[in-house]
Chemist: 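Okay, here's the structure, questions in a sec.
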Amino acid sequence: MKMLADGITEVPDTEVRYSVHRISWFATAWGLLVIAVLVWQSYSYTGVFAWLAEWQFRRFDRMFPVVTIFLLTLLLILPALLLIGWRLRERRRLYGRANLGLLTRRGTFLGKWLAILSGLFFIVSVGLALFGLSVSSGDDQPVRSFSLTNPAPAAGREVQARAWVRTDRIGYYRERLIFTERDLYVAPLTVGENPSDIQVFIQVSPTKDAVAAKRRVIKGFLREAAIPGALERLYQDAGYRIKRPTYLVFQAGTSARWPFLSAAADLALIALLLGLGALLTRRHVRMLGSTPDQK
């Protein structure tokens, strides 16, 4: 910093620039953290997301998860964005319009920022894909019988059991991410015909017609904590007591892997778009570098 002749303190251009860079990195990290928390809340159906989802159901008879996460994230990082805008406005007031050199530096910074984000999303995408592929279909293991009162030992395997399939209490949930979605229909599995406690569910074929409950042998792939929180809330509102952790018997191992692989695909597409943005920004910076500087 230095003092001008009229007593006004001048902030060096580099100080303003680095301040904007620090705020930008903070806003990025904060935004990613907010998105991660909201995605977790959307799956577990808890916290602020659950409250907003209930409001949307009452108001519109449906919910908009992607729009909700986007608007909440934008709202929470808005102070940082306003601060960045104010710092850039101060720089323009002190030094006038950005010259070619400053535009080049801004483009380089933006390109690096997009490239780093692309790399982060790609790494998370690969991790989710590997984890999803590790969810075995159980083809190399014998089918295991399990008890509805103690399903934990059989989690992660192909199972079978004789139980009441409450097809008269089918729950429906649309698992929607960013680019992918699927419809999930489940029915409670119970020991008796009319119990009030539920812990295990089974994936059933899409239907909107209630069928009388039947006691039969069921088979599938058992996963722990695979029921979306919104479905748990649905059964709680219907008067059932949900015993946690919940378990879901998928029709096949591929269905059990779908949430992880679809999320990996969505993140990979986002990484691709961010990578393309970084390449276009780099190309733009090169074009600026070949342009004569006009102050």
Side-chain angles (χ1 to χ4, degrees), residues 38-46 49-50 52-54 56-57 60-69 128-129 131-138 146 148 151 154-161 163-190 198-211 213-214 216 218-238 240 242-267:
L38 290 175
V39 169
W40 173 77
Q41 288 188 351
S42 69
Y43 185 80
S44 59
Y45 206 72
T46 186
F49 185 92
L52 289 174
E54 293 292 331
Q56 291 174 56
F57 278 123
F60 309 107
D61 199 29
R62 60 169 300 185
M63 63 175 295
F64 307 91
V66 176
V67 175
T68 301
I69 292 176
L128 280 174
F131 183 80
L133 292 174
S134 71
V135 178
S136 172
S137 64
F146 78 104
L148 294 183
R157 298 185 59 175
E158 289 280 347
V159 297
Q160 69 176 13
W164 282 92
V165 182
R166 299 302 307 272
T167 47
D168 56 340
R169 294 291 184 269
I170 292 178
Y172 162 74
Y173 180 75
R174 173 162 291 177
E175 293 183 301
R176 180 185 292 112
L177 298 176
I178 300 176
F179 305 107
T180 57
E181 67 178 27
R182 75 166 175 178
D183 294 333
L184 179 65
Y185 291 83
V186 302
L189 292 180
T190 59
I198 301 175
Q199 185 177 18
V200 185
F201 299 79
I202 185 171
Q203 182 184 15
V204 296
S205 300
T207 180
K208 294 184 179 179
D209 298 324
V211 182
K214 295 181 180 179
R216 60 183 177 88
I218 59 95
K219 293 183 179 181
F221 186 85
L222 183 67
R223 267 194 58 212
E224 180 181 345
I227 289 288
L231 276 177
E232 293 184 3
R233 178 69 64 86
L234 176 67
Y235 283 98
Q236 285 178 328
D237 292 343
Y240 290 94
I242 302 298
K243 184 179 179 182
R244 294 181 176 86
T246 55
Y247 295 83
L248 177 59
V249 180
F250 287 94
Q251 293 175 339
T254 52
S255 297
R257 290 190 289 267
W258 186 91
F260 305 106
L261 297 182
S262 60
D266 280 16
L267 293 179

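Computation of the quantities below employed the complete heavy-atom set of this structure, encompassing side-chain atoms and omitting hydrogens, waters and symmetry-equivalent molecules. By convention here, the first residue in the shown sequence is residue 1. If you're wondering where the values come from, they're calculated on a predicted model, not measured in any experiment.
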Chemist: Decide yes or no for Pro151 and Val200: does some side-chain heavy atom of the first lie under 4.5 Å from some side-chain heavy atom of the second?
Modeler: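 Answer yes - side chains close enough.
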
Chemist: Taking distance alone, no hydrogens or angles, what donor-acceptor pairs closer than 3.5 Å link side-chain atoms of residues 222-232 to residues at least two apart or in another chain?
Modeler:
from	atom 1	to	atom 2	distance (Å)
Arg223	NH1	Ala256	O	3.2
Glu232	OE1	Arg244	NE	3.0
Glu232	OE1	Arg244	NH2	3.0
Glu232	OE2	Thr246	OG1	3.1

Chemist: To the closest 0.5 Å, what do you measure between CZ (Arg174) and CG (Leu184)?
Modeler: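 Rounded to the nearest 0.5 Å, the CZ-CG separation comes to 12.0 Å.
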
Chemist: Shortest non-hydrogen contact from Ala264 to Ala129?
Modeler: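 Nearest pair, atom of Ala264 first, then Ala129: CB-N, 3.7 Å.
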
Chemist: So how far is it from Leu261 CG to Asp266 CG, rounded to the nearest 0.5 Å?
Modeler: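 Rounded to the nearest 0.5 Å, the CG-CG separation comes out at 11.5 Å.
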
Chemist: Only counting residues at least two apart or in another chain, list the ones meeting side chain to side chain donor-acceptor pair (under 3.5 Å) with Tyr240.
Modeler: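 Listed in chain order: Arg169.
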
Chemist: Taking all heavy atoms of Tyr235 and all of Gly171, pick out the closest pair and write down the distance.
Modeler: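 Scanning both residues, the minimum pair turns out to be OH-N, 2.9 Å.
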
Chemist: Verify, without hydrogens or angle tests, whether Gln199 (side chain) and Ile242 (backbone) share a donor-acceptor contact under 3.5 angstrom.
Modeler: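 Not at all, since once roles are kept as given, no pair shorter than 3.5 Å links the two residues.
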
Chemist: What is the minimum heavy-atom distance between Gln251 and Ser205, and which atoms define it?
Modeler: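 Minimum heavy-atom contact is NE2-N, 3.5 Å.
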
Chemist: Of all residues at least two apart in sequence or in a different chain, which pass the side chain to side chain donor-acceptor pair (under 3.5 Å) check with Arg216?
Modeler: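 Arg216: no side chain to side chain donor-acceptor pair (under 3.5 Å) contacts found.
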
Chemist: How far apart are the closest heavy atoms of Ser262 and Pro259, and which atoms are they?
Modeler: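 Ser262 and Pro259 have their closest heavy atoms at OG-O, 3.1 Å.
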
Chemist: Could you give the distance from CH2 (Trp258) to CD (Glu181), rounded to the nearest 0.5 Å?
Modeler: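 One finds 8.0 Å between CH2 of Trp258 and CD of Glu181.
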
Chemist: Kindly indicate whether the side chain of Phe49, heavy atoms from C-beta on, has any atom under 4.5 Å from the side chain of Ile69.
Modeler: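 Yes, their side chains come closer than 4.5 Å.
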
Chemist: Look up atom OH in Tyr185 and atom CD in Gln203, then write down how far apart they are to the nearest 0.5 Å.
Modeler: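 Going from the OH atom of Tyr185 to the CD atom of Gln203 covers 11.5 Å.
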
Chemist: I need the Leu52 CG to Thr68 OG1 distance, nearest 0.5 Å.
Modeler: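 Taking CG in Leu52 and OG1 in Thr68, the distance rounds to 6.0 Å.
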
Chemist: Please step through side chain to side chain contact (heavy atoms under 4.5 Å, CB included) for the pair Leu189 and Val165, ending with a clear verdict.
Modeler: CA-CA 5 Å; Leu189 292 180; Val165 182; 3.7 Å; yes

Chemist: Measure the CG-CZ distance between Leu248 and Phe221 for me, rounded to the nearest 0.5 Å.
Modeler: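 These two atoms lie 11.0 Å from each other.
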
Chemist: Just say parallel, tilted or perpendicular for the rings of Phe260 and Phe131, cut-offs at 30° and 60°.
Modeler: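 Aromatic pair Phe260/Phe131 classed perpendicular.
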
Chemist: Between the main-chain N or O of Pro188 and the side-chain N or O of Arg166, is there a donor-acceptor pair closer than 3.5 Å?
Modeler: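 The answer is no, because no donor-acceptor pair under 3.5 Å joins these two groups.
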
